[in-house]
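Computed from heavy atoms alone, side chains included, the values below leave out hydrogens, waters and symmetry copies. The residues of the chain are indexed from 1 along the displayed sequence. No experiment lies behind these values; they were computed from the predicted model shown.
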Amino acid sequence: MTTVHSVLPSLAPLLPELILGVGVMVLILYGAWRGDRSAETVSVGALVLLLVALSVVISQPVHGRVTTLSGAFVSDAFSKVMKSLVLLGSSATILLAHDFFKRERIDRFEFPVLIVLCTIGMMVMVSANDLIALYLGLELQSLAAYVIAAFHRDDVKSTEAGLKYFVLGALSSGMLLYGASLVYGFTGTVSFPGIVSALNENAGFGIVLGIVFLAAGVCFKLAAVPFHMWTPDVYEGSPTPVTAFFASAPKMAAVAMTVRVFIGAMPDVTAIWQQIFIFVSVVSMALGSFAAIGQTSIKRLMAYSSIANIGYALIGLACGSEEGISGLVTYMIIYLAMTLGTFAIILSLRRRDVMFEKIEDLSGLSRTHPWLAFCLAAMMFSLAGIPPLAGFFAKFYVFAAAIKAGLVTLAVIGVVTSVVGAYYYLRVVRIMYFDEPKEPYEAMAPGLRVVLALSSVVVVLFFLLPGPLVGAAGRAAKSLF
């Protein structure tokens, strides 16, 4: 009995993951018993599970840093914020997918189960405090993601997307694992606190090589240049709710993982990895902004937009400071809202069971669906960084942190690429408001309305009450330093 009582408190930081783990096993058994007839019930059950886990994460008290599993798993203010974002992104995906999968006749119980499994992996990535835990979380997330990319197995594009994601993802996992093995070999430990202690004494060529390979692995998961090659094809080929998922929740986990590795384990060699992320940030902003100009597919446009946005977010990491990480977390909170809102609108472009995914299909939307056009215009203006919408503040915080850290050139490049990016965002608005209207689309599904309404509130009204979100980001950053 004494042993049980001593073990239970140590597992308290793992409670959200345990809830999801036990719950998903129940859902798998129920789905296997009932077959495809269970799809709707399992979707509702998965959504409830995610929301319960979210409420547990939010309600967990934060008293500094709490570790468990022999120090492999850490719970702090940073993990609390990033896990909340992951759970919100996953919950929104199930809402976005429900009507779409029903209409496409691929409404199977495996999808919500895979989303929950993916979420468990992402939450482990967020709280990982050693290289082994990090890799286990990453692989659990990745394996589920490969399957859902090819979930529409009768569609050639979806199958191709899953295959490309799997092959390139396996390559990136190998690179990350090789980098981790080099770091272990030269430090003698996989624990992040242990690596910090070892790097106080040694930062030779082997460590530099390990850092380079680790950076390559995490950049693939971030979809940052030069490891972005999978993003446009996978975004375009995957079912649209899956694309919305890839653009939201896994991005939050990948950013958290990157911060854990480089801020948490390597603060004393910031000068080495800072150069890598300055380069990655610059080329991601530039390629994402310029490559998006010629796109005709909304999903490919959002793919290049996500590459550019990761470039802006990485400015915060490149600063290597508390202000930079605070700006990064704020950026990701706002980016999540902008992305989910945009995809809710993309999923509503349906007429007689046909989905429309070309930018020209938005022609005259302001006259056929004025509120939909207003919300999408708000998302586009926000992504372009136009005040007083939330996207302006997201960029302002990371640019201000860069200037304070002495990275003025990086901030200037960010401003210039933002101006370039504004061109293709404003082009979408022009098409909606000035081109001739087409036949109206069907009414939005309830799930899409919920996601769009919540996203629009954050994007449009952020400037009225920025304190709670910015304060949460500040506390998250402070817990790392």
message = Are the side chains of Thr41 and Val44 in contact, using a 4.5 Å heavy-atom criterion?
response = no

Side-chain heavy atoms of Ser172 within contact of Phe227, under 4.5 Å = no

task = Would you check if the side chain of Arg260 reaches a backbone N or O of Ser127 as a donor-acceptor pair within less than 3.5 Å?
result = no

query = For Val52, does its backbone N or O pair with a side-chain atom of Ser55 as donor and acceptor, under 3.5 Å?
reply = yes

query = Step by step, would you call Val124 with Leu140 a side chain to side chain contact (heavy atoms under 4.5 Å, CB included)?
reply = CA-CA 9 Å; Val124 172; Leu140 178 56; 5.7 Å; no

key: Donor-acceptor pair between Ser238 and Lys299 side chains, under 3.5 angstrom   = no

Criterion side-chain contact (heavy atoms from CB on, under 4.5 Å) against Phe381, the qualifying member of Ile386, Val460, Val459 = Ile386

key: Minimum side-chain heavy-atom gap Phe462-Val470 below 4.5 Å   = yes

inquiry  = Whether the side chain of Lys80 engages the backbone of Gln60 through a donor-acceptor N/O pair (distance < 3.5 Å, no angle test) should be reported.
reply    = yes

inquiry  = Check the orientation of Phe246 and Trp230. Use parallel for under 30°, tilted for 30 to 60°, and perpendicular for over 60°.
reply    = perpendicular

query = Between CG of Asn309 and OG of Ser289, what distance do you get to the nearest 0.5 Å?
reply = 8.5 Å

ask   = Can you tell me how far CE of Met266 sits from CD1 of Ile211, rounded to the nearest 0.5 angstrom?
value = 5.0 Å

query = Between Tyr397 and Gly327, which heavy-atom pair has the shortest distance, and what is it?
reply = CB-CA, 4.0 Å

remark   = When rounded to the nearest 0.5 Å, the distance separating CH2 of Trp371 from CG of Leu376 is 14.5 Å

query = Which atom pair, heavy atoms only, marks the closest approach of Pro13 to Ser75?
reply = CB-CB, 3.8 Å

key: Atom pair CD1/OG1 of Ile298 and Thr240 - distance to nearest 0.5 Å   = 9.5 Å

ask   = How far apart are the closest heavy atoms of Pro267 and Val196, and which atoms are they?
value = CD-CG2, 3.8 Å

query = Is Phe463 close to Phe392 at the side-chain level, that is, under 4.5 Å between some pair of heavy atoms?
reply = no

request  = Evaluate the side-chain hydrogen bond (donor to acceptor under 3.5 Å, both in side chains) criterion for residues Ser142 and Lys221: first the C-alpha distance (whole Å), next the side-chain angles of each, then the deciding distance (0.1 Å), finally the verdict.
outcome  = CA-CA 9 Å; Ser142 298; Lys221 296 303 175 187; 2.9 Å; yes

message = What's the separation between atom CG in Leu95 and atom CG in Leu452, rounded to the nearest 0.5 Å?
response = 12.5 Å

task = Mind running side chain to side chain contact (heavy atoms under 4.5 Å, CB included) on Phe192 and Leu131 for me, showing each step along the way?
result = CA-CA 7 Å; Phe192 289 171; Leu131 293 170; 3.7 Å; yes

remark   = Scanning both residues in full, the closest heavy-atom pair of Met125 with Gly137 reads CG-C, 3.6 Å

task = Could you tell me whether Ile132 atom CD1 has more than 12 heavy atoms of other residues or ligands within 6.0 Å of it?
result = no

request  = Give a yes or no answer on whether the side chain of Thr417 reaches the backbone of Gly414 with a donor-acceptor pair at less than 3.5 Å.
outcome  = yes

query = Do Ser281 side-chain atoms and Gly311 backbone N/O form a donor-acceptor pair below 3.5 Å?
reply = yes

ask   = Does Tyr304 have its ring centroid less than 6.0 Å away from the ring centroid of Tyr424?
value = no

query = Should the ring pair Phe166 and Tyr146 be called parallel, tilted or perpendicular, given that the plane angle runs from 0 to 90° and is split at 30 and 60?
reply = perpendicular

task = List the steps and the verdict of side chain to side chain contact (heavy atoms under 4.5 Å, CB included) for Phe262 and Leu214.
result = CA-CA 9 Å; Phe262 293 99; Leu214 277 174; 4.3 Å; yes

message = So Gln141 and Pro250, do their side chains get closer than 4.5 Å, heavy atoms only?
response = yes

Ser91 (side chain) donor-acceptor with Leu87 (main chain) under 3.5 angstrom = yes

query = Can you tell me if OH on Tyr425 sees more than 12 non-hydrogen neighbours from other groups inside 6.0 Å?
reply = yes

inquiry  = Would you say that Leu383 contacts Thr342 through its side chain, given a criterion of any heavy-atom pair below 4.5 Å between the two side chains?
reply    = yes

Pairs satisfying side-chain hydrogen bond (donor to acceptor under 3.5 Å, both in side chains), at least one member in residues 457-480, at least two apart = none

request  = First locate atom CE of Met82, then atom CD1 of Ile333, and finally report the distance between them rounded to the nearest 0.5 Å.
outcome  = 8.0 Å

note = Exactly one candidate in Ile315, Val420, Val225, Leu314 meets side-chain contact (heavy atoms from CB on, under 4.5 Å) with Met285; the answer is Ile315

query = Just by modelled atom types, is the Gly89 backbone N or O under 3.5 Å from a matching donor or acceptor in the Thr93 side chain?
reply = yes

key: Shortest non-hydrogen contact between Ser455 and Gly341, atoms and distance   = OG-N, 3.4 Å

inquiry  = Run the salt bridge (charged side-chain N to carboxylate O under 4.0 Å, His left out) test against Arg65 and tell me which residues pass, sequence neighbours left out.
reply    = Asp76

task = Run the ring-centre check on Tyr335 versus Tyr312 and record whether the distance is less than 6.0 Å.
result = no

request  = Decide yes or no on side chain to side chain contact (heavy atoms under 4.5 Å, CB included) for Met123 and Val57, but give the supporting numbers first.
outcome  = CA-CA 11 Å; Met123 292 173 74; Val57 168; 4.2 Å; yes

ask   = Do Val450 and Leu454 have side chains that get closer than 4.5 Å, going by heavy atoms?
value = yes

remark   = Residue set satisfying side-chain contact (heavy atoms from CB on, under 4.5 Å) with Ser321, at least two apart, ordered chain then number -> Cys319, Glu323

task = Give the minimum heavy-atom separation between Ala318 and Leu410, together with the two atoms involved.
result = CB-CD2, 4.2 Å

ask   = With a 4.5 Å limit on heavy-atom distance, are the side chains of Gln274 and Leu407 in contact?
value = yes

query = Counting distance only, does the side-chain N/O of Asp130 pair as donor-acceptor with the main-chain N or O of Val190 below 3.5 Å?
reply = no

